[in-house]
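Note sheet for the following structure.
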There are 2 protein chains.
Amino acid sequence: MATDTKDRILDAAEQLFADLGFSTTSLRDITSEAGVNLASVNYHFGSKEALLTAVLARRIAPINELRLQRLDEVERAAGSMGPAMEDILRAFIAPPFEMKAACGDGDRKFVRLLGRVHVETNEEFRTAFIDQFMTVFSRFIEASQRVLPDIEPNEITARFWFIVGAMAHTMMWAQTAGLTDTARDPNEAIESLVQFGAAGLSAPMLQPVPVRSGNTGTGR
Amino acid sequence: MATDTKDRILDAAEQLFADLGFSTTSLRDITSEAGVNLASVNYHFGSKEALLTAVLARRIAPINELRLQRLDEVERAAGSMGPAMEDILRAFIAPPFEMKAACGDGDRKFVRLLGRVHVETNEEFRTAFIDQFMTVFSRFIEASQRVLPDIEPNEITARFWFIVGAMAHTMMWAQTAGLTDTARDPNEAIESLVQFGAAGLSAPMLQPVPVRSGNTGTGR
DNA sequence: GTCTATATGCGGATAGAC
DNA sequence: GTCTATCCGCATATAGAC
């Protein structure tokens, strides 16, 4: 547990935002959980929204840096023949799941907050978060396009977006009892996502088929 | 536009909950949008939470019924040789996207609310929603297991959960400019998800590999 | 059924003593 | 830097006239 006030607030806010969401969590919740005075939040951070930004910034920058660094490694190691789609995906997916190991004592609660952020549409979250995410996202789209030249670029973007959704959903619900295997090894979750995503991204393009019940036009 | 108070409230609440989220939207927002009196919400529904339940109930039951009905059709049409995975998935994915057509004048805003509900962890949402969803979910897992006997049951569940996440994410962001192709034909989105999901679900099982940067153990 | 007026509480934020 | 006390607005919900 952190010892100084600022970190105690950050830790408590991270946990509560992850569990309850941003607007549902009050500053009083946070300060009582952290064992600090109510006024200290505004003293140290200025506002509730600024606190959220600080909570996110503490974790997100390292994650995105790690993603880009791993992507570089993967591409360099593969040389001219190009990397495997699985390795590109692993560079994208693994870092947030590895937060705990990567950040020392980083609370794994943050993983759920990250899942939540991927899904919140509030203006506050967007400005604090989406911009830098899109930079990383674009880099991975480019890398995927080189590996999958037969898939239309728009389709790759759509499919990669599906993977982001699957990842966010997994992080959101990973610790909810009764819905998923809570005791599951994080590495297994990563590998499942990687295999699933690589197969989905590589699926051959089809001619559009009419969408109606009972349709069997896709064949198999 | 609905003419009587109760429906006007439901429509406005549906739209605002979808755009802003449940806790962020006030009853004042809803009544002023609906052009009705503030007190009428409590008169007709009893509380804000009960209003949310009513908003969800109006759409969810038909969607889940349609899903199960289509799954039955697909399995019956396929006979003893079993249906294609794509057709099972389409039975699951298409109904929420088709809300507008299926419910007459149903507001397509609900699709975003549905995406949000899949992701909200609040107690209110869960009790109102998760239970009946899990029933449908289980039915589709069973059908998938019959089609994919080589994939471990736990893995099928995990992968189908990925698809739910991809679907929810897509619905959430479908109308957000700048992130996805907003003008995209819903049928195309459905087909992309179906092809992506079928390929991902069918991916062969691999031996676990150590997860580290630069890992190329997946081969290709 | 619909309105006005209001009860009651919690929210974020701040002033000012220490 | 930390605390107490408080401002002030907005939230849900309800009482009671019409």
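So you know, we letter chains A, B, ... as the sequences are listed, proteins then strands, and number each from 1.
With rounding to whole Å, Phe22(A) atom CZ is found 12 Å from dG11(C) atom C1'. As a whole-Å value, the separation of Leu51(B) CG from dA13(D) P is 10 Å. The distance between atom NE2 of His44(B) and atom P of dA13(D), rounded to the nearest whole Å, is 16 Å. Rounded to an integer number of Å, the gap from CG of Asp29(A) to C1' of dG9(C) is 15 Å.
With sequence neighbours left out, Asp72(A) forms a salt bridge (charged side-chain N to carboxylate O under 4.0 Å, His left out) with Arg139(A). In terms of the ring-ring contact (aromatic ring centres under 6.0 Å, His included) criterion, residue partners of Phe160(A) (sequence neighbours excluded) are, by chain and number, Phe92(A), Phe137(A).
Under 4.0 angstrom from either OP1 or OP2 of dT2(D) there lies at least one side-chain N or O belonging to Thr5(A). Checking the phosphate oxygens (OP1, OP2) of dG11(C), a side-chain nitrogen or oxygen of Ser26(A) falls inside 4.0 Å. Neither OP1 nor OP2 of dG1(D) sits under 4.0 Å from any side-chain N or O of Asn37(A).
At the heavy-atom level, Ser40(A) lies nowhere under 4.0 Å from the strands shown. At a threshold of 4.0 angstrom between heavy atoms, the contacts of Thr31(A) with the nucleic acid are absent.
Listed for the Arg67(A) side chain is no donor-acceptor partner under 3.5 Å among the backbone atoms of Phe140(A).
Taking CE of Met167(A) as the start and CE of Met172(A) as the end, the distance is 13.0 Å to the nearest 0.5 Å.
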Where protein sits on nucleotides 13-18 of chain C, one letter per nucleotide: B base, S sugar-phosphate only, - none, heavy atoms under 4.0 Å: BB----
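Using a 30° and 60° split on the angle between ring planes, Trp173(A) and Trp161(B) fall in the perpendicular class, above 60°.
If you check the side chains of Ser26(B) and Asp29(B), you find a donor sitting under 3.5 Å from an acceptor.
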